[in-house]
Every structure is written in C-alpha cells, then in structure tokens.
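None of these values were measured; they are calculated from a predicted model. Order of appearance sets the numbers: ligands from 1, and atoms from 1 within every ligand. We use all heavy atoms of the structure for the numbers below, so side chains are in, but hydrogens, waters and symmetry mates are not. Along the sequence shown, the residues carry numbers beginning at 1.
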Amino acid sequence: MKILKFGGKSLANGKGLETVLEIVEQKIKKGEAITLVVSARGNATDDLLEILEKATSGESYLPVFESFKTYQKAYSLDFPQEFALLEKLFEGVSLLGDYSDKIKDQIVAQGEIISAKLVSYLLEKKGISSVFVDSRTLLVSDNHFGNAQVKEAISEQKTKAFFEQLPKGTVAVVTGFIAATEKGETTTLGRNGSNYSAALFANFLQAEELQNFTHVNGIYTANPDWVSEAQIIRNLSYQEANELANFGATILHAKTIIPLISKNIPLRILNTFNADDAGTLIHSQTTEKGIRSLSVLEGNALIILEGRGLLGQVGVDARIFRALAQRNISVSIISQGSSERGIGFLVANQDAEKAKKALEEEFESDFYTKDVSEVSVVKNVGVISIVGQDMATFHKPYNALIRNQIIPLLINNAVTGNNVSVVVYNHQLQKALNVIHGEIFSISKRVNLVIFGRGTVGGTLVKQIFEAQEAILLRKNISLRIVAVANSAKCLFNPKGITTNEYQNFETLSQSYQLEDVINFAKKHHLENLIAVDATASKTFVENYIPLIENGFDLVSANKIANTVSYDFYQKLRRVLKENQKQYLYETNVGAGLPLIDTIKLLHLSGENITRIKGIFSGTLSYLFNTFSDSDKPFSEVLRTAIDSGYTEPDPREDLCGNDVGRKLLILARELDLENEFDQIAIQNLIPEHLREGKVEEFLSRLNEFDSDYQEIKEGQEPNHVLRYVGDLHGDLSRTETSRLEVKLVSVPKDSALGQVKGADSIFEIYTESYGNHPIVIQGAGAGAAVTARGIFGDILRLTERDRN
Ligand code: ASP
Ligand code: MG
C-alpha cells in the first residue's frame with residue numbers, strides 16, 4: 001500500500017483539488033492500493049489562526065470567518081457541525097479575550113476535518129468508494145497542545161485495527177496534523193504536521209512508499225525563490241533529509257523522517273501541479289556525497305549572556321537551560337567558548353523577550369554581585385545550514401561570505417553529522433545564501449560589474465564583455481554580468497545583467513544618479529562579488545573609491561589619479577582595502593594592457609631587487625619622436641600629423657608637458673614601496689616656455705615655433721643616434737630619499753632597445769640584481785582603447801580567478 005499525502009496548496013479550490021482527484025482516480029484505475037492523508041485546504045490553518053487572533057483582541061472577526069466558510073464549502077458540501085463548533089469557540093474566545101492552546105488546537109483541527117470530509121465526498125461522487133477518517137480516533141498523543149507527542153504503540157494498534165476491518169478497495173481519507181489525548185481532547189502535531197502524521201501511518205501500515213504531494217517539484221539545493229540557480233536534488237538519504245527537515249525545509253516536518261527509517265520506507269516528494277516530474281526520492285541508499293543542500297531558518301533571535309564572574313563557575317549552563325526549559329523555550333543553536341564566561345544561543349523571535357526575562361530572573365543575584373554583566377538580544381537573525389558540509393572545506397563558503405561583507409554572527413558545526421550552520425542578520429540572509437550557494441555548487445559563479453565611464457575605453461570594454469560572456473561562462477563557469485553602466489550624469493541598471501539591447505538604448509533607459517544610488521541598488525538586490533570599474537578620466541571620481549570599497553566592491557581602474565595624488569591617500573586607500581579585504585587592480589595605469597605592473601609586483605614581492613626601470617611610457621610621444629628621428633620633416637609637421645590622427649589629447653600640451661609620463665613613473669616607483677610625491681619628479685617639459693599658457697586654438701596655430709629648437713637638438717646628436725622621451729627610475733631604490741625619478745628627452749644609439757622602438761609602441765626595461773645587465777624587456781602597444789579595455793578585462797578576470805580559491 002502507498003500513502004499519499006496532499007498539502008494545503010495542492011488541495012486549494014480549483015486546479016489544485018481537481019488535479020488531486022485526477023491523480024487519485026488514475027491510481028485507482030491502475031489498481032493501486034492507496035490511503036490519503038490530507039492537510040487543511042488552501043490557507044485554512046492560517047485563516048483560522050487569523051480569525052482567532054481577531055476574536056481575542058475583540059476585533060470583528062465575522063467577515064473573515066464568513067469568507068473562510070464560503071471558501072471551504074465551494075464544492076456543494078456544507079459543514080454545519082464544524083462551522084457551528086468554530087462559531088461557538090470564536091464567540092467564547094472573543095468574550096474572554098483570551099484562549100488556551102487546547103482551544104487553539106480544537107479550532108485549527110477543523111481545517112483538516114473539513115478537508116478530509118470534502119475529499120472523501122468528492123471521491124464518492126466520482127464513483128470511488130471512500131471513507132472519511134478522523135485521525136483523532138487513531139493517533140493517541142500526550143497533552144502538549146500545539147506540538148503533541150504521539151504515543152506510538154497504542155496508536156499503531158488502533159491504526160492497524162481500523163485498517164484491518166476496512167473493506168478492500170475503499171480509500172481512506174485521513175486527517176493529517178491532528179490527534180487526541182487519552183481523554184479525547186484534540187491535539188495538533190505542530191505546523192506542517194500532516195507530513196508527520198503521514199509518516200506515522202506509513203510506518204504503522206508498512207507502506208511500500210510515502211508520496212508527499214506538494215506544490216514544488218522537490219527538494220532543491222536552496223529555495224529557488226531565493227536562489228535562481230538552485231537545482232533540484234533527485235536523491236537524498238534519510239540522514240540528509242533529516243538534517244534538512246530540522247533546519248527549516250518546510251516541506252519536511254522535523255519529525256517526518258524518523259518513522260520512515262526503521263521500516264525503510266522511501267519518501268517521494270512530488271508536485272501536484274507537475275505530476276510528471278520525478279521529484280525527490282528520500283531513501284536509505286544514496287551514492288552522492290558532499291554538500292547536498294542549503295536550508296534557511298528565518299525569524300530567530302540571538303540571546304547573549306555575558307559575565308566575567310562566571311569564569312570557572314560550575315553549572316552555569318545547566319541553570320541557563322533549566323530556566324529556559326521551565327518556560328518551554330526551545331533553543332536551536334548554541335555557541336560557547338572554552339570557559340563559561342559567556343554564551344550565545346538562538347531562540348524563536350517571539351520567545352526572545354521571555355528568554356531574556358527568564359535569564360534575568362535566574363541570574364538576578366549574579367547581576368547584583370556583578371558576576372553577570374548583561375543579557376542581550378539580537379532580534380531578526382537567520383540561520384543557513386549547509387547540509388553535508390564538513391569542517392575541512394568550510395573555509396570556502398566562509399571566505400566567500402567575508403569577501404561579500406557578510407560576517408557571521410555565530411557559526412556552529414554539528415558534531416554528529418556533516419552540517420555547518422551560519423547565523424547572519426535576516427537582511428543579509430538572501431545574499432548570504434546566494435554567496436554560499438554559488439561557492440559550493442559552483443553551477444556558475446556570478447560576478448556583478450558596475451562600469452563607470454562610457455567613453456572610448458568604457459564603451460570598448462562593455463563591447464568586449466558582451467562578446468566574451470558566453471565563452472567565460474562555458475570555460476570558467478563564471479557568469480559575468482554588467483549590472484550597471486554609468487557616465488558622469490546617468491546610470492543604467494539591471495540587477496539581472498544589462499542586455500546588449502538595453503545598452504544600445506542607454507540614453508532612454510538610464511536615469512540620473514548619485515553614487516549612493518549604485519550602492520543602494522547593489523544592497524537592495526543582494527548582489528554579490530561586486531566589482532566597480534573606473535574607466536573614466538575624471539579627476540574627482542577617485543572620491544568614490546573608499547565608499548565603494550566599504551560597501552563591498554573590488555576595484556579595477558584605468559584611471560591614474562588614485563595612485564598619483566598624495567602618498568597619504570595612496571596609503572589610506574590600501575589600508576581601507578585591507579580592512580575590507582578588497583582588491584584594487586590597475587594594470588592599465590602604465591603601458592595599457594601590457595603585463596607590466598603585475599610583473600613588477602611579482603618581482604618585488606618575491607624579493608628580487610629591482611635596480612632601475614626605464615622606458616618609453618607614452619605611446620603618443622613614442623610616435624612623435626620615432627617619426628621625427630626617422631624623417632626629414634620639421635617637428636611641427638610630425639606633431640600636426642599626430643594631432644590629426646587622434647594620437648594626442650585634445651590639447652596636445654597634456655602629452656607634451658610630460659606629466660602623464662611622470663604619473664606613470666610615480667606609479668611604478670610606489671609599487672617598489674617608494675614614498676615619492678609627484679612634485680619630486682624631475683620632468684622635462686617639451687613645450688617651449690612661451691607656448692605653455694593660453695588657449696588651445698592659439699597654441700595649435702603656433703606649432704612651428706617648436707621647430708628650430710628640436711631641429712638643433714636632432715642635429716646635435718652623435719652619429720647613428722635617435723631621440724626618445726623616456727621615464728627613468730634609478731638611483732638607490734632601497735630608500736625614497738636616494739631614488740631618482742626623471743622624465744626627459746634623451747639621445748640613444750639607434751641599435752639599442754630603446755632606439756629600435758617603432759610606431760607608437762611603448763617599451764619598459766626592468767633591471768634587477770639577478771638579471772644584471774640584461775633587463776627584462778616588455779614592449780608593445782602601450783595605448784589605445786582596445787588594448788586598454790582588454791587590460792581592464794584582464795584585471796576583472798584576475799579578481800574572479802582569485803576568488804575561486
Ligand atoms: N494544516 C497544518 C499547517 O498548515 C498542517 C499541515 O499543513 O501539514 O501547518
Ligand atoms: Mg501545509
């Protein structure tokens with residue numbers, strides 16, 4: 001025989017109830033022997049509790065009661081007896097303004113009775129022989145109203161006796177959830193208790209299977225309403241299911257699994273509304289190992305008892321739990337250090353004040369002697385249980401949480417099984433669940449990007465990301481999503497990732513914004529693994545770095561400002577990064593996409609003594625002097641071509657003044673822990689003094705005033721020499737005072753490394769102790785939107801890779 005249990009949503013008016021009847025009819029046609037266990041229909045239990053609360057507080061409850069009745073008798077069967085009883089009970093409660101747990105059980109029990117009566121009636125109408133069975137005649141319990149304990153031996157006897165006399169082919173429709181004391185008083189088995197009833201009947205009757213028809217396909221790796229990547233689990237062991245049941249998987253009542261284990265009865269979770277799905281099978285043997293699922297328990301409070309005076313005292317814990325037990329307060333997770341000087345544990349939110357009071361009473365005299373300093377309550381915390389987690393690999397989810405700025409309030413591992421529970425604030429629960437889920441099941445890890453700057457570099461980056469997204473997901477299991485793109489005035493948001501289409505309609509879809517809006521957006525949508533990209537050329541955007549870091553963003557920047565303003569800020573930024581365990585990558589600051597900074601960082605970190613860095617840092621100036629040295633054209637003509645080809649800034653003086661090269665040199669110096677400031681760089685300004693001020697147009701009309709000076713310099717060189725504008729970091733680089741930062745025009749042999757550079761290439765020579773006179777040379781395109789964007793993209797991937805470990 002099989003036991004079929006149907007939940008409230010499955011039995012709701014309309015599609016639910018009709019489908020249930022069809023399912024039953026099909027099984028009967030196939031000749032299957034079945035017994036049904038039913039919950040109250042729709043939201044009956046909640047409705048009855050609501051009416052009860054209204055009646056208690058003297059509010060008018062009749063309208064809600066009326067609509068309850070209307071709903072429940074929608075199938076032309078009336079329930080005069082149950083309705084009359086409810087009416088009487090509500091009236092009494094409303095007169096007294098109070099009720100007992102016993103009355104409450106009697107009230108909610110009517111939901112199951114009405115449900116079973118109706119299902120049985122409808123089966124009969126379909127020509128299926130059926131009886132309504134009130135489980136109060138079968139299940140005997142203690143008188144712990146609201147959460148009664150079933151007395152198994154006597155209940156088993158009664159159940160067997162009843163089913164033995166039941167004619168073959170008659171379908172019993174049994175009420176779930178309810179039982180009765182030996183005196184015949186109605187009790188209930190706790191919320192979602194019909195599952196437990198069904199498991200008990202399965203045990204008593206040696207059922208071959210228990211089928212639990214719900215409104216979901218089965219048990220998932222996490223609640224799919226919260227985690228969009230959650231996947232269904234096809235097989236679970238009893239142990240795993242039991243852990244899940246204990247930690248908030250509402251499909252399973254905490255006690256459901258136990259009666260099934262001893263008789264080895266499989267439990268199948270099925271979806272009434274998707275009956276073809278195989279669902280989840282819970283049984284004794286599963287081959288899968290490791291972490292199976294994450295469950296969530298909301299609505300708890302953390303109680304903390306503190307007191308130095310308790311150190312070394314014996315029996316403090318016993319007093320705590322006795323005090324709580326006397327008031328019937330259940331404790332879920334406990335954490336305590338090696339001494340009894342403080343303890344933290346969880347209770348249900350609604351018990352928090354009662355628990356606090358209980359402890360304050362118990363430890364009243366200890367307060368007086370100052371042995372106990374405080375009982376504090378942190379309300380609204382939630383628990384995520386990682387079922388199957390062992391301690392050896394717990395660092396993974398833990399680190400992922402910290403990276404995402406979720407600091408667990410308490411961590412607890414089950415000594416008896418592989419299960420770690422993490423307590424976090426309710427408002428962080430969904431994000432925490434997603435972070436852990438992404439880390440553990442690595443179905444795909446989401447990385448959420450916010451890109452500031454829509455100029456040529458930003459725009460190219462967005463394009464490159466769109467093009468590579470699919471391949472990265474496929475090869476690396478990383479789902480890279482651009483959740484926001486902004487220019488200085490407006491921002492386009494989409495928490496699920498901006499599509500190419502939306503991006504093309506930036507102007508119409510974007511809205512004006514402040515940085516705060518971006519931060520709040522990330523919070524509101526619980527976005528994890530956040531990276532902010534600074535692809536702006538803004539001098540002021542750097543002000544946003546610290547707030548971004550403090551709000552959980554890693555940073556990638558093509559903007560040089562943050563690294564070249566005062567050394568104070570440079571240090572502060574790194575301090576904040578460290579405090580928040582965030583990263584800041586800026587490979588494109590020097591030499592665009594060339595792997596320069598990363599190389600220098602690694603050399604320096606590994607203890608290699610870098611003695612000099614010298615090179616052509618500016619693509620623009622590289623082009624200018626390469627061309628000028630090779631041709632007979634006057635300097636102004638070469639400069640003009642560079643301007644017209646877009647190789648220079650709109651005001652070419654920004655390139656020619658040498659500050660940009662100076663900044664890059666400073667960035668490299670600081671990588672070597674030198675504490676130089678910008679004004680300590682000796683920069684040779686290439687602009688004749690009298691042209692340095694004034695409007696761009698005027699400057700552009702006087703370019704030929706460069707010519708005589710530069711012609712003279714060119715002709716004054718030794719034979720086979722060429723001009724190069726270089727950055728040079730040299731001197732004794734072990735101390736800031738002895739280091740020298742120079743940016744200057746030099747004449748070098750044509751066949752030297754610097755002399756051979758062509759086009760607009762950059763070149764960097766890194767001299768170190770081990771490499772001696774043969775520097776490491778890094779050369780290539782050191783400017784341009786495509787290579788810069790590619791370099792930023794590289795930094796983004798570095799961050800996502802780092803997070804994998
Ligand atoms: N009707 C009860 C409840 O809603 C029992 C159940 O559905 O399992 O908690
Ligand atoms: Mg239910």
Side-chain angles (χ1 to χ4, degrees), residues 3-13 16-17 20 35-53 64 68 71-72 79 82 85-86 89 101-119 132-136 138-139 141 144-150 173-180 186-202 210-216 219 241 244-246 248-260 267-273 282 297-299 330 348 350:
I3 306 271
L4 275 56
K5 183 259 165 178
F6 293 98
K9 291 211 175 72
S10 297
L11 294 164
N13 284 352
L17 186 53
V20 168
T35 295
L36 311 190
V37 176
V38 296
S39 293
R41 303 194 316 109
N43 295 319
T45 311
D46 287 329
D47 293 347
L48 291 169
L49 289 172
E50 189 194 333
I51 301 167
L52 177 62
E53 283 315 316
V64 201
F68 170 84
Y71 183 96
Q72 295 295 331
F79 302 96
E82 289 74 22
L85 176 62
L86 285 171
L89 292 170
D101 286 345
K102 184 168 153 182
I103 295 290
K104 183 173 165 182
D105 274 0
Q106 225 183 331
I107 287 172
V108 287
Q110 304 311 311
E112 265 68 11
I113 294 168
I114 290 168
S115 176
K117 279 191 171 171
L118 178 67
V119 172
F132 155 73
V133 183
D134 185 335
S135 58
R136 290 176 297 184
L138 307 181
L139 298 182
S141 77
H144 192 163
F145 298 101
N147 197 8
Q149 196 66 40
V150 172
V173 183
V174 191
T175 53
F177 186 47
I178 62 176
T186 301
T187 59
T188 65
L189 309 182
R191 291 307 305 261
N192 299 309
S194 301
N195 295 305
Y196 179 38
S197 315
L200 285 172
F201 291 128
L210 168 57
Q211 300 188 343
N212 187 347
F213 283 87
T214 65
H215 62 289
V216 294
I219 296 180
L244 277 176
N246 274 307
T250 45
I251 306 180
L252 299 167
H253 180 283
K255 296 182 201 156
T256 307
I257 304 296
I258 308 297
L260 303 176
L267 165 60
R268 208 180 277 281
I269 313 276
L270 294 162
N271 188 350
T272 301
F273 302 92
I282 298 165
L297 213 61
E298 285 179 272
S330 161
Q350 68 265 23

Counting both backbone and side chain atoms, is some N or O of Ser39 under 3.5 Å from an N or O of ligand 1? yes
As an exercise, identify every atom of ligand 1 less than 4.0 angstrom from a heavy atom of Asn192. 3 (C), 5 (C), 6 (C), 8 (O), 9 (O)
So, regarding Asn195 and ligand 1 (criterion: nitrogen or oxygen to nitrogen or oxygen, under 3.5 Å), is there a contact or not? no
Residues Asp105 and Thr187: side-chain donor-acceptor under 3.5 angstrom: no
Out of curiosity, is Gly8 lining ligand 1, as in a heavy atom under 4.0 Å away? no
So, using ring-ring contact (aromatic ring centres under 6.0 Å, His included) as the criterion, who are the partners of Phe201 when residues are at least two apart? none
How far does NZ of Lys5 sit from CG of Leu267, to the nearest 0.5 angstrom? 10.0 Å
Are any of the side-chain heavy atoms of Phe213 and Leu270 separated by less than 4.5 Å? yes
Min over Lys5, Glu112, Lys9, Arg191 of heavy-atom distance to atom 5 (C) of ligand 1 lands on Glu112
Could you give all pairs that pass the salt bridge (Lys or Arg N to Asp or Glu O under 4.0 Å) test and reach residues 35-51, with sequence neighbours left out? Asp46-Arg191, Glu50-Lys54
